Amino acid sequence: MILPRSFYTRGTVEVARDLLGTVVRHSATSGIIVETEAYLGGDDLAAHSARGLTERTRVIFGPPGHAYVYLIYGVYDCLNLVAEPDGQPGCVLIRALEPLDGLDVMRERRPRARGAEDLTSGPGRLTMALGITRAECCGADVCAADSGLTVEEGPDRGAFEIVAGPRVGITKCVDWPLRFLLGGNRFVSRG
DNA sequence: GGTAGGATGGGCT
DNA sequence: GCCCATCCTACCC
C-alpha cells in the first residue's frame, strides 16, 4: 500500500505524473495528490538544486523516496518528494491535495479556510492542513511505515486526464511544461 | 469578479 | 542586500 522506493527511483517527470492520484498521509490527516511540479537537475535554473549541493539542498541529492521540506517567503513550508537515483538531484513539489481523511482536524489547523476547496489547494496550504513542518518532516523517509509521513497507493477512480502546463511562481525556465494536474479537479491551486 | 500589496526569515552572493 | 517554488486581506469594479 505504501509506495516502494523503486517508484521514486526514476526520472523526475515520470514520478511527478505518477504521483497524481496517490495519497499523502500525516498526523491524522490525508489527501489525494491532484497537482504536482517537477524540479529537475541539469539546466533547470528554477530548481533549488541548480546552485549545487549545499546544506539545504542535501536532501534533493540524496536517496529517493524522502521528503524535502523548505520554508518559502519566510512564512510557509512546502513539501517535495525526492526522485532519481541516489546522488542525482530531482524532486517533485506537491502543490495541491483533495482532502481525504481528517477534514475536521484540517479545519482546526486552517481556521481561515472557508470551504473544503481552501483547505489543501496550494503548496503552503496543504502543509498547514496536514501539520507538515520542515523541522519534523524534512528528510523523512516516506517509504517507511513508521516515519509518520507516508505516500500510499490511492483509491481507484478510473481513468483521469493529466493536464501539463508551466510551473507557478517562478521566473526561470517559465516555458517548461513541468506542472501536472488532474483535469477538472476542483482542488487544484488554480485553473 | 479581479488584483495590489504586505507579512516574514532563511539562503546565498 | 536581494531573492524568493506563497497566502491572505482589502479594496475596486
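Lettering of chains follows the sequences in order, A, B, ..., and the numbering in each one begins at 1. All values below come from the heavy atoms of this structure, side chains included, with hydrogens, waters and symmetry mates left out. Being a predicted model, the structure only gives us computed values, none of them experimental.
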Contact nearer the 5' end of DNA chain B, comparing A:Tyr76 with A:Arg134
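In this pair, the answer is A:Tyr76.
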What does C:dA5 pair with, Watson-Crick or G-U, if both distances are under 3.5 Å?
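Paired with no nucleotide.
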What is the base-pairing partner of B:dT8, counting Watson-Crick and G-U wobble geometry with both distances under 3.5 Å?
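Answer to the pairing question: none, since B:dT8 forms no Watson-Crick or G-U pair.
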[X] side-chain proximity, nearest of [options]:
X        : options               : answer
A:Arg112 : C:dC4, B:dA7, C:dT9   : C:dT9
A:Thr54  : B:dC12, C:dT6, B:dT8  : B:dC12
A:Leu93  : B:dT8, C:dT6, C:dA5   : C:dA5
A:Arg95  : C:dA5, B:dC12, B:dG10 : C:dA5

Could you check how far [atom1] of [X] sits from [atom2] of [N], rounded to whole Å?
X        : N      : atom1 : atom2 : answer
A:Lys172 : C:dC2  : NZ    : P     : 16 Å
A:Tyr73  : B:dG5  : OH    : P     : 16 Å
A:Asp77  : B:dG11 : CG    : P     : 12 Å
A:His48  : C:dC4  : NE2   : P     : 10 Å
A:Arg110 : C:dT6  : CZ    : P     : 15 Å
A:Arg56  : B:dT13 : CZ    : P     : 11 Å
A:Leu71  : C:dC4  : CG    : P     : 15 Å
A:Arg114 : C:dC7  : CZ    : C1'   : 16 Å

Between CE of A:Met1 and CD of A:Glu152, what distance do you get to the nearest 0.5 Å?
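One finds 4.5 Å between CE of A:Met1 and CD of A:Glu152.
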For A:Thr171 and C:dC4, is the shortest distance between a side-chain N/O and OP1 or OP2 below 4.0 Å?
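Looking at the OP1 and OP2 atoms of C:dC4, one of them is under 4.0 Å from a side-chain N or O of A:Thr171.
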Option among A:Ile94, A:Thr22, A:Ile2 that satisfies the side chain to side chain contact (heavy atoms under 4.5 Å, CB included) test with A:Val151
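Going through the options one by one, the only one that passes is A:Thr22.
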Side-chain donor/acceptor of A:Arg109 to backbone N/O of A:Ala129, under 3.5 Å:
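Yes.
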Heavy-atom neighbours of A:Glu153 CD exceed 12 at 6.0 Å
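Check fails, neighbour count at 12 or below.
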Of A:Asp118 and A:Tyr39, whose nearest nucleotide on DNA chain C comes first from the 5' end?
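Result: A:Tyr39.
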Toward the 5' end of DNA chain C, by each residue's nearest nucleotide, A:Gly74 or A:Ala113
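Upstream on the strand: A:Gly74.
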On a heavy-atom basis, which atom in A:Asn80 and which in A:Tyr70 lie closest, and how many Å separate them?
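Answer, listing the atom of A:Asn80 first, then A:Tyr70: ND2-CE2, 3.4 Å.
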